[in-house]
Amino acid sequence: MPSIAILFGLLSALTWGAGDFNGGLAVKRSNPYGVIAVAHTVSLVLLLVTVFIVGEPIPPMHDWLWGGASGLAGGIGLMLLYRALADGRMSVAAPVSAVVAAALPVLVGLLQDGLPAVWVLTGFVLALVAVWLISGGEGLIIRFDDLRMPVIAGIAFGAFFIFIERASQTALLWPLIAVRIVSVSTMLGYALITRQDWIPKRESMVPLLLSSLLDTFGNAFYALSARTGRLDVAAVLGALYPGATVLLAWIFLKENISRIQTLGILLALGAIILLTL
C-alpha cells in the first residue's frame, strides 16, 4: 500500500471529522437540510472556480454519472441518518451507519483487489470496532426497528465511497462537481417538498462555510486515497472521521470523552499502524 494513499486516507478522516464538527455547530442554529444544501452550494462554487483555474480536462460521461450517483447516495444517506438520529437511539444510529458505510467498500475491495496481508485485515477489524466505539456504540442489545434506518443510511454512505472511487479514475474535480450538483438538488428539493424553513440563520454562517470547505477537501483526499491505493483501505481510514469530531468537541466545547470512546481512539491508532505496515 503506497504511503501517499495512507496519508490521503488519514487526511480525509481529519477533514471530514472537522467538517462534521463545524456542521454540527451550524445545525444547532439552523435546519440541518438547509445547512447541508447551502454548504454544498458553497462547495460547488469553490470547485467550479478551482477547476477553471487549474484547467482540469472535462472527463468522459461515465465519470459524471458515477459522480452524480455518489451525490445521490450521499444525499440520501444524510437524510436517512438525520431521520434515524431524530426518531431513534443516537447511540445506535451513528455507529451502525458508520460501520456499515466502512464495511461495504471493504467487501467490494476484497472482491476487486483480493485479500490483503493478514495485518491489514486485522487493521480492518480494529478500525471497524473503533468506529463503533468512537461513535458512542456501547450496548449489544439492539432492536430491529433501531437498526433498519441506520443500516440503510450506512449502505447509502458505503455506496458513496464506492461510487466516488469509480468517478475519480480520470479526473478529480469534475466528478466532485457532479457530486455537489446532485447532493444540492437532493437536499434543497427535500426541504422545499417538505416545506421546511431551510435558509440558514446568520449566526450559523461561519461554521457552515468551514464545514463546506473541509468537507470538500475530505472528498478530494478520499478520492485521491482510493485512486492511489486500495478502495477498502481508503474507506476504512476515511471512516475514522468520528475520532476527529470527538477530539474537536473535547478541545473546543469541553465535552467529555467517555472511556468507551477513548478505547475506540486507541484502537483506531492501532488500526492505522497496522494499515501502514
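Put simply, the side chain of Leu240 reaches to within 4.5 Å of the side chain of Ile272, judged on heavy atoms. With a 4.5 Å cut-off on side-chain heavy atoms, Phe21 and Leu253 count as touching. A 4.5 Å side-chain heavy-atom check between Ser258 and Leu263 finds every atom pair outside the cut-off. Between Thr122 and Val118 the shortest side-chain heavy-atom distance falls below 4.5 Å. Contact annotation: the side chain of Leu25 never approaches that of Ser204 to less than 4.5 Å [non-hydrogen atoms, C-beta and beyond]. Within the 4.5 Å cutoff, side-chain heavy atoms of Leu208 are placed close to those of Val38. Taking the side chain as every heavy atom from C-beta outward, Leu247 and Ile257 approach each other to under 4.5 Å.
Between Leu188 and Ala37, the shortest heavy-atom contact is N-CB, 4.1 Å. Considering every non-hydrogen atom in both Ala5 and Ser225, the closest pair reads O-OG, 2.8 Å. In this structure, Leu172 and Pro175 approach most closely via the heavy-atom pair O-CD, 3.5 Å. The two residues Ala127 and Ala271 have their closest heavy-atom pair at N-CB, 3.7 Å. Contact detail for Ala18 and Ala244: the closest heavy-atom pair is N-CB, 4.3 Å. For the pair Arg166 and Leu231, the tightest heavy-atom approach, listed with the atom from each and the gap, is NH1-CD2, 4.4 Å.
Among residue pairs with one or both ends in residues 62-75, those qualifying as side-chain hydrogen bond (donor to acceptor under 3.5 Å, both in side chains) are Asp63-Thr170; sequence neighbours excluded. Every pair passing ring pair (Phe, Tyr, Trp, His ring centres under 6.0 Å) that includes a residue from residues 221-273 is listed here, sequence neighbours excluded: Trp16-Tyr222, Phe161-Tyr222. Within the structure, no pair that satisfies the salt bridge (charged side-chain N to carboxylate O under 4.0 Å, His left out) test touches residues 36-48, not counting sequence neighbours. Applying the salt bridge (charged side-chain N to carboxylate O under 4.0 Å, His left out) test to every pair with at least one member in residues 209-218, sequence neighbours left out, gives these pairs: Arg180-Asp215. Applying the salt bridge (charged side-chain N to carboxylate O under 4.0 Å, His left out) test to every pair with at least one member in residues 241-263, sequence neighbours left out, gives no pairs at all. Each salt bridge (charged side-chain N to carboxylate O under 4.0 Å, His left out) pair with one or both residues in residues 101-122, not counting sequence neighbours, would appear here, but there are none.
Every residue two or more places apart in sequence or in another chain that forms a side-chain contact (heavy atoms from CB on, under 4.5 Å) with Leu213 is listed here: Leu46, Phe217. Applying the side-chain hydrogen bond (donor to acceptor under 3.5 Å, both in side chains) test to Thr216 and every residue at least two apart in sequence or in another chain returns Ser43. With sequence neighbours left out, Asp232 forms a side-chain hydrogen bond (donor to acceptor under 3.5 Å, both in side chains) with Arg230. In terms of the side-chain hydrogen bond (donor to acceptor under 3.5 Å, both in side chains) criterion, Asp20 has no residue partners (sequence neighbours excluded). Looking at residues two or more places apart in sequence or on another chain, you find no side-chain hydrogen bond (donor to acceptor under 3.5 Å, both in side chains) involving Arg227.
Both Leu115 and Val236 are assigned to one and the same hydrophobic cluster, defined by single-linkage of ILVMFWY side chains at heavy-atom distances under 4.5 Å. Residue Leu126 is grouped with residue Val100 when hydrophobic side chains (ILVMFWY) are merged at heavy-atom distances under 4.5 angstrom, including chains of intermediate members. Leu65 and Ile58 fall within a single hydrophobic cluster, where Ile, Leu, Val, Met, Phe, Trp and Tyr are joined by side-chain heavy atoms under 4.5 Å apart, directly or via other members. Residues Val106 and Ile155 share a hydrophobic cluster, clusters being chains of Ile/Leu/Val/Met/Phe/Trp/Tyr side chains in contact below 4.5 Å. Under a hydrophobic-cluster definition in which Ile, Leu, Val, Met, Phe, Trp and Tyr are linked whenever side-chain heavy atoms come within less than 4.5 Å, directly or via other members, Tyr190 and Val35 are assigned to the same cluster.
The CG atom of Leu275 sits 10.0 Å away from atom CG of Leu121, with the distance rounded to the nearest 0.5 Å. The CD1 atom of Ile162 sits 12.0 Å away from atom CD1 of Ile164, with the distance rounded to the nearest 0.5 Å. Glu56 CD to Leu47 CG: the interatomic distance, rounded to the nearest 0.5 Å, is 10.0 Å. In this structure, CD1 in Ile177 is found 4.5 Å from CG in Leu48, a value given to the nearest 0.5 Å. Rounding to the nearest 0.5 Å gives a distance of 4.5 Å between CD1 of Ile36 and CG of Leu78. Rounded to the nearest 0.5 Å, atoms CG (Leu224) and OG (Ser12) are 10.0 Å apart.
Within the hydrophobic cluster formed by Ile, Leu, Val, Met, Phe, Trp and Tyr side chains joined at under 4.5 Å, directly or through other members, Val206 is accompanied by Leu210.
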Exercise. Verify side chain to side chain contact (heavy atoms under 4.5 Å, CB included) between Leu81 and Phe157, making sure each step is shown before the conclusion.
Key: CA-CA 10 Å; Leu81 179 60; Phe157 289 136; 4.0 Å; yes

Exercise. Apply the test side chain to side chain contact (heavy atoms under 4.5 Å, CB included) to residues Thr186 and Met79: give CA-CA distance (whole Å), side-chain angles for both, the deciding distance (0.1 Å), then the verdict.
Key: CA-CA 9 Å; Thr186 303; Met79 287 190 290; 3.4 Å; yes

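When atom types are taken as modelled, the side chain of Ser183 and the backbone of Gly75 share no donor-acceptor pair closer than 3.5 angstrom. The backbone N or O of Ala39 sits less than 3.5 Å from a side-chain atom of Ser212, completing a donor-acceptor pair.
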